[in-house]
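These figures come from a predicted structure and were not determined experimentally.
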Amino acid sequence: WVVLQVVCAWGAMDIFTGAVFLSGLFSKDIYNFVNYSMEHGNLQPICAGLQDSSGVVCLGAEPGLQMGIALILTAVVLWIACAIYVHIVMTRIREGKMMQTM
């Protein structure tokens, strides 16, 4: 039961948030890798054609850490806090302490 509560508290939200945060930190490197792959890979003729004919850039993105990560971080912290609170309440109920206070 305790293991289940720990798994609930450390579910995929914190892993997702860590991945988003790290991808934001290294977004410039990821952007450069994808851009280099597009300029020198199989998509190069298509991208060059689009650039020459209509001025459209194949990869238009702004690398960097966005402010939306703060909302996700807040959600993760609140989710873990709720899971800890549920764990404490369920422990009190299991031990019979909750019934004594009512």
Side-chain angles (χ1 to χ4, degrees):
W1 185 80
V2 173
V3 173
L4 183 62
Q5 291 297 319
V6 171
V7 170
C8 177
W10 292 99
M13 284 279 285
D14 56 346
I15 296 169
F16 171 74
T17 304
V20 169
F21 185 74
L22 288 175
S23 68
L25 287 178
F26 298 110
S27 62
K28 185 70 174 170
D29 295 330
I30 295 169
Y31 176 79
N32 288 337
F33 172 73
V34 172
N35 194 26
Y36 183 83
S37 298
M38 291 181 81
E39 288 178 358
H40 302 289
N42 292 338
L43 293 177
Q44 191 273 334
I46 297 170
C47 290
L50 282 172
Q51 182 73 28
D52 294 340
S53 65
S54 59
V56 175
V57 179
C58 277
L59 181 64
E62 293 182 23
L65 202 55
Q66 305 297 324
M67 285 305 297
I69 191 70
L71 179 65
I72 297 172
L73 283 172
T74 304
V76 168
V77 168
L78 291 174
W79 186 47
I80 291 172
C82 286
I84 290 171
Y85 176 73
V86 167
H87 174 70
I88 291 170
V89 169
M90 294 303 284
T91 303
R92 286 183 182 169
I93 290 173
R94 187 182 67 209
E95 294 172 355
K97 293 179 181 176
M98 201 69 151
M99 296 306 227
Q100 294 171 357
T101 60
M102 294 179 135

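When hydrophobic clusters are built by joining Ile, Leu, Val, Met, Phe, Trp and Tyr residues whose side-chain heavy atoms come closer than 4.5 Å, directly or via intermediates, Tyr36 is not grouped with Tyr31.
Other residues, nucleotides and ligands place no more than 12 heavy atoms under 6.0 Å from the CG atom of Asn42.
Between the CD atom of Gln44 and the CD atom of Gln51 there is a distance of 11.0 Å, given to the nearest 0.5 Å.
Closest non-hydrogen pair, Pro45 versus Gly41, comes out as CD-O, 4.2 Å.
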